[in-house]
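The structure under discussion appears below in the form of structure tokens.
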Amino acid sequence: MITYSLKVSILLAVFYLFYRLLLSKDTFHRQNRLVLLLTALLSFVLPLCVITIHVSRPVDMPADILVGELSPIALEPSGERISPWAIIVVIVALTRLLYVVVSYVRLQRFIASCELHPWQDGVVLAVTDREGLSPFSWMHTIVLPRLDYEHLNNAIITHEMGHIHGGHSWDVLFMELVCALQWYNPVVWMIRQDLRAIHEYEADEAVIEKGFNAHEYLDMLVTKAAGCSAYSMANSINNSTLKKRIQMMMKQKSIRWQRAKVLYVIPIIALSLACTSETVNDKAEGESTPEVIQVTTYKNADNALFVINGVPTTKKEAEELDTKYIESITVLKDSTATKIYGDRGKNGVVVITTKPDLEQTEFAVYDAADEMPEFPGGMPSLMKWIGANTKYPKEAQDAGVDGRVVVSFVVEKDGSIGNVEVVQPIEEHLDAEAVRILKAMPKWKPGRKDGEVVRVKCTIPILFRLQ
């Protein structure tokens with residue numbers, strides 16, 4: 001998380017540096033606004049974009065895979081501690097987000113307490129008697145002191161309508177989120193400030209384009225500058241430095257060709273993608289792979305539990321598995337093995353995972369087949385056999401416990417039962433009896449898929465009921 005956050009900070013700084021050097025003094029306010037918003041958005045997205053370049057190179061491989069030399073890394077606690085810096089970043093970010101939520105709620109409550117009057121284009125005028133408050137807008141609402149409403153200053157209304165039509169409130173919300181995530185980065189606060197200034201430039205430009213006298217409008221801005229802006233999220237008419245706004249209004253329009261300077265973002269994006277790209281060495285065409293997997297080098301291999309794709313199997317089957325089907329091999333020992341596999345893993349566990357796109361291997365387990373496995377004599381015989389051979393545990397009888405235990409198992413290719421697991425447990429003694437009775441079942445008729453005998457997973461309920 002720290003690495004990603006630092007990448008975002010660097011990109012923000014680079015984007016903003018070029019913005020200040022090339023675009024900040026132009027009068028293309030809408031373009032500059034979009035550039036600042038894209039600067040923030042791209043800085044968060046680009047570090048997540050990784051271009052993978054595949055290179056075909058011959059790779060030297062050992063003749064055998066010696067699983068005894070592998071470390072028990074899978075499913076073992078890493079022991080890594082969370083960085084205190086990461087904790088501080090998260091806590092402050094959450095605090096900042098909470099502040100934004102509280103500010104939003106306060107602003108909505110204040111607007112609801114005002115005297116509301118419908119206006120054109122779905123805009124609502126909210127009139128307040130609060131003294132010393134400057135006019136401001138939020139979403140589709142313009143808040144006016146009563147004196148401004150009674151005199152209906154059209155320049156103020158036009159200014160705030162410029163904020164509303166420009167969708168500036170959404171920019172504010174977006175930047176508040178960015179500031180919460182990058183609160184420690186001074187660049188985001190500068191971007192936030194510049195974006196607020198551009199909002200005012202756009203609103204001021206809307207007033208001038210409507211034909212209002214520039215000098216009278218400037219006098220009004222000077223007068224309103226003394227008012228207070230009670231809500232930081234809102235677009236207040238006295239936001240930003242008045243001197244900069246006056247200079248921008250009096251400035252000659254930038255030449256159209258100067259818009260091309262915005263293309264500076266292209267090399268920055270390209271450089272960012274180049275820095276995050278990675279090269280993957282693919283096996284060269286015609287390269288051979290080892291055909292044998294040796295597990296005998298693990299000192300407890302004879303007594304170890306072998307698991308292929310989550311299904312317990314034998315050492316012989318594991319040794320016969322062609323290595324081209326193998327995705328990974330891991331040896332689990334001691335407490336790591338027993339923690340996951342219980343007593344079955346006390347002599348170690350060899351965990352083999354095959355490649356997901358090779359379902360044709362003999363170790364695949366199917367949930368459904370063309371011909372499902374069948375107990376000798378069919379389902380009635382199965383129910384009769386379970387009823388005759390099941391013993392109700394005395395502990396469960398004494399405790400008055402009954403119910404339905406759902407158990408899953410795999411019908412192997414030879415019809416034997418394996419990988420018995422309780423899917424829906426009730427009580428430990430009833431669960432154990434359900435497992436025992438399934439393991440004691442005679443061989444089934446195995447399932448078939450595409451004419452081939454396959455391993456099929458089945459599930460049955462065993463009902464324990466006290467009379």
Side-chain angles (χ1 to χ4, degrees), residues 61-82 289-356 358-359 361-367 405-414 416-441 455-459:
M61 297 185 67
D64 301 324
I65 300 177
L66 305 178
V67 301
E69 297 177 358
L70 299 179
S71 301
I73 56 173
L75 304 176
E76 188 171 87
S78 63
E80 295 181 359
R81 299 177 59 187
I82 299 177
T289 57
E291 297 297 329
V292 180
I293 169 175
Q294 291 284 353
V295 298
T296 54
T297 53
Y298 177 45
K299 65 180 182 179
N300 291 327
D302 291 335
N303 299 319
L305 172 66
F306 286 81
V307 179
I308 300 179
N309 294 338
V311 180
T313 187
T314 64
K315 173 188 171 184
K316 183 176 182 297
E317 288 180 315
E319 289 182 325
E320 292 175 352
L321 178 61
D322 195 321
T323 53
K324 68 182 179 182
Y325 295 148
I326 295 176
E327 181 78 21
S328 64
I329 304 175
T330 304
V331 175
L332 305 180
K333 304 175 183 177
D334 304 326
S335 60
T336 304
T338 56
K339 182 177 180 181
I340 301 172
Y341 293 95
D343 291 337
R344 296 183 298 171
K346 62 183 179 181
N347 294 320
V349 182
V350 179
V351 181
I352 302 174
T353 303
T354 60
K355 296 179 181 178
L358 296 175
E359 294 182 351
T361 70
E362 59 181 303
F363 299 98
V365 178
Y366 296 89
D367 292 322
V405 180
V406 180
V407 187
S408 69
F409 58 96
V410 174
V411 179
E412 303 289 347
K413 293 182 179 181
D414 61 355
S416 61
I417 304 301
N419 199 30
V420 180
E421 294 182 351
V422 176
V423 178
Q424 182 179 313
I426 293 180
E427 187 267 345
E428 57 178 338
H429 297 95
L430 295 181
D431 299 342
E433 176 62 15
V435 172
R436 184 197 69 81
I437 197 64
L438 284 184
K439 288 183 176 181
M441 284 193 300
R455 308 169 73 204
V456 182
K457 183 177 181 180
C458 301
T459 303

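In what follows, residues are counted from 1 in the order of the sequence shown.
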* Using side chain to side chain donor-acceptor pair (under 3.5 Å) as the criterion, list what pairs up with R436, not counting sequence neighbours. =>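 For R436 the side chain to side chain donor-acceptor pair (under 3.5 Å) partners, ignoring immediate neighbours, are E433.
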Within this structure, what is the [atom1]-[atom2] distance for the pair [X] and [Y], rounded to the nearest 0.5 Å?
{"X": "S408", "Y": "D367", "atom1": "OG", "atom2": "CG", "result": "10.0 Å"}
{"X": "F306", "Y": "I329", "atom1": "CZ", "atom2": "CD1", "result": "10.0 Å"}
{"X": "M441", "Y": "I417", "atom1": "CE", "atom2": "CD1", "result": "4.0 Å"}

* Asked: Looking only at heavy atoms, which two atoms of L305 and R344 are closest? And how far apart?
  -> CB-O, 3.6 Å
* To do: Return the minimal non-hydrogen interatomic distance between A337 and G345, and the atom names on each side.
  => CB-O, 3.2 Å
List the atom pairs, donor and acceptor, that lie under 3.5 Å between side-chain atoms in residues 418-427 and the rest of the protein, sequence neighbours left out.
from : atom 1 : to   : atom 2 : distance (Å)
E427 : OE1    : H429 : N      : 2.9
E427 : OE1    : L430 : N      : 3.0
E427 : OE2    : H429 : ND1    : 2.6

* Under the side chain to side chain contact (heavy atoms under 4.5 Å, CB included) test, which residues partner D414, sequence neighbours left out? -> E412, S416, K443
* **Minimum side-chain heavy-atom gap L332-I340 below 4.5 Å** => yes
